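The structure displayed is predicted, hence computed values, not measured ones. Convention: sequence-line order gives letters A, B, ...; per-chain numbering from 1.
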2 protein chains.
Amino acid sequence: MLATAREVLAERGFAGFSVDEVARRAGAGKPTIYRWWPSRADLLLEVYLTERSARVSEPETGSLSGDLAALARATLAAWRGTPAGAALRGLIAEAQRGDAALLALWGRFLPAWLQPVRSVLGDAVRRGEVDPADIELVVELYSGFLWRRLLTGQTDDDRTAIDRMARLIASGRGRKEPRAPA
Amino acid sequence: MLATAREVLAERGFAGFSVDEVARRAGAGKPTIYRWWPSRADLLLEVYLTERSARVSEPETGSLSGDLAALARATLAAWRGTPAGAALRGLIAEAQRGDAALLALWGRFLPAWLQPVRSVLGDAVRRGEVDPADIELVVELYSGFLWRRLLTGQTDDDRTAIDRMARLIASGRGRKEPRAPA
DNA sequence: AGATAACGAAACGATCCGTTTCGGTCGGTG
DNA sequence: CACCGACCGAAACGGATCGTTTCGTTATCT
């Protein structure tokens with residue numbers, strides 16, 4: 001079932017992803033699909049989560065900028081090479097309808113999605129590389145960078161741009177008084 | 001006509017924005033709407049452009065971080081207080097369908113949208129505040145920050161976050177070798 | 001005044017979501 | 001071995017929306 005959804009997303013992208021299409025290909029009835037997933041968005045979400053958790057693992061390069069770059073590259077690779085990218089594009093697009101159920105789903109999904117970045121940032125804080133007060137800023141800039149690339153279809157592995165992004169974000173100059181180097 | 005579209009967007013957001021609804025309220029026929037705008041997205045786009053060009057003007061604070069912060073706050077204010085925010089949310093959502101015409105529209109719109117940031121960055125380059133090679137990075141981080149906020153509904157005037165974002169982005173530490181101050 | 005173009009209203013074809021209905025197939029039971 | 005009930009695929013339905021077509025009316029221009 002999920003396999004069929006993945007297949008449709010991979011072949012025709014979010015544009016060609018409809019519940020009817022998935023049901024047809026799976027040789028299943030729509031009621032059966034709606035038995036397990038309350039809405040199309042839930043189906044997209046599950047496709048994304050399974051796909052992504054299987055692919056992206058926590059990097060350990062020793063520096064925040066290295067970790068951020070590795071994480072970003074792995075995420076983009078997963079978006080590029082699996083239906084995860086199409087699924088997330090669909091989720092973001094659908095969330096703009098403002099449906100209450102969608103927003104609830106979103107509220108549960110966003111923190112889960114941000115978990116790897118927060119983990120990497122936690123390490124950096126422990127190393128004294130980042131002021132805890134800067135965490136939210138870094139999370140926002142990092143996710144904004146990746147989402148914008150996803151939504152505009154730029155999921156290619158642009159190493160130099162990603163490295164620059166990671167270095168700038170990790171440089172931590174957002175505070176009024178930069179900390180003296182340890 | 002545009003006034004009615006603005007009104008619908010303002011009252012019911014992108015969720016309640018349909019061509020039929022606009023036609024009904026305007027006392028006009030749908031064919032008349034489609035005579036001027038080839039698709040719903042074009043209508044959204046024009047609402048956005050008129051709304052935004054009337055509101056956001058180029059800041060001149062003398063520093064890149066100041067300009068970026070002012071620009072970001074003005075943009076968020078326009079999104080918050082006018083139908084422009086709802087219109088852009090709709091445009092971004094609709095673009096995810098991958099329709100060819102949509103992508104063409106997007107290709108013309110994105111550069112126009114980025115023009116104010118690029119202008120501010122041009123000033124900073126002339127002042128020697130920014131390496132021209134960093135322009136794309138700053139543009140990406142700035143737009144990613146704002147879009148992410150728009151798409152998640154966080155259009156409030158979060159001064160401290162915006163200032164931090166502007167300072168970090170403007171600090172220009174993304175290069176391998178930071179330029180020596182002039 | 002008469003012809004022509006534009007326009008509002010309504011209906012249409014197509015697509016899609018999410019729900020309901022129907023008929024057949026499989027399990028377990030007396 | 002015969003029967004009953006739950007599940008499921010298929011199909012149809014109701015509702016919404018986009019973009020198009022048709023039609024009668026109105027307003028404009030000659």
Next item on the list: Pull out every residue in residues 30-42 of chain A that has a heavy atom closer than 4.0 Å to any atom of DNA chain C, ordered by number, or say none.
Entry: A:Lys30, A:Pro31, A:Tyr34, A:Ser39, A:Arg40

Checklist line | Sorted by number, the residues of residues 87-99 of chain B with heavy-atom contact under 4.0 Å to DNA chain C | finding: none

Checklist line | Listed partners of A:Glu11 passing side chain to side chain donor-acceptor pair (under 3.5 Å), at least two apart | finding: A:Arg25

Next item on the list: Check side chain to side chain donor-acceptor pair (under 3.5 Å) between A:Tyr48 and all other residues, then give those that pass, not counting sequence neighbours.
Entry: A:Arg52, A:Trp79, A:Trp113

Check: Can you list the residues that meet the side chain to side chain donor-acceptor pair (under 3.5 Å) rule with B:Trp37, with sequence neighbours excluded?
Finding: B:Glu46

Next item on the list: Could you pull out all residues at least two apart from A:Asp156 that satisfy side chain to side chain donor-acceptor pair (under 3.5 Å)?
Entry: none

Next item on the list: Sort and list the pairs that fulfil salt bridge (charged side-chain N to carboxylate O under 4.0 Å, His left out) and have at least one residue in residues 94-122 of chain A, not counting sequence neighbours.
Entry: A:Arg40-A:Glu94, A:Arg97-A:Asp99, A:Arg118-A:Glu136

Check: Can you pull the side-chain hydrogen bond (donor to acceptor under 3.5 Å, both in side chains) pairs that have at least one residue in residues 80-90 of chain B, sequence neighbours excluded?
Finding: A:Gln96-B:Arg89

Note to self: The criterion is side-chain contact (heavy atoms from CB on, under 4.5 Å); which residues satisfy it with A:Val120, sequence neighbours excluded?
What the structure shows: A:Pro59, A:Leu64, A:Asp67, A:Leu68, A:Leu71

Can I get a per-line list of side-chain donor-acceptor pairs under 3.5 Å for residues 143-150 of chain A, giving both atom names and the distance, sequence neighbours left out?
residue  : atom : partner  : partner atom : Å
A:Ser143 : OG   : A:Val139 : O            : 2.8
A:Ser143 : OG   : A:Glu140 : O            : 3.3
A:Arg148 : NH2  : A:Gln154 : OE1          : 3.0
A:Arg148 : NH2  : B:Glu140 : OE1          : 3.2
A:Arg149 : NE   : B:Glu140 : OE1          : 2.7
A:Arg149 : NH2  : B:Glu140 : OE1          : 3.4
A:Arg149 : NH2  : B:Glu140 : OE2          : 2.8

Notebook entry, point to check: Which heavy-atom pair separates A:Leu91 from A:Ala41 by the least distance, and what is that distance?
Noted result: CD2-O, 3.6 Å

Checklist line | Test salt bridge (Lys or Arg N to Asp or Glu O under 4.0 Å) applied to B:Arg35 - qualifying residues, sequence neighbours left out | finding: none

Check: Do any of residues 3-25 of chain A sit with a heavy atom less than 4.0 Å from DNA chain D, and if so which?
Finding: none

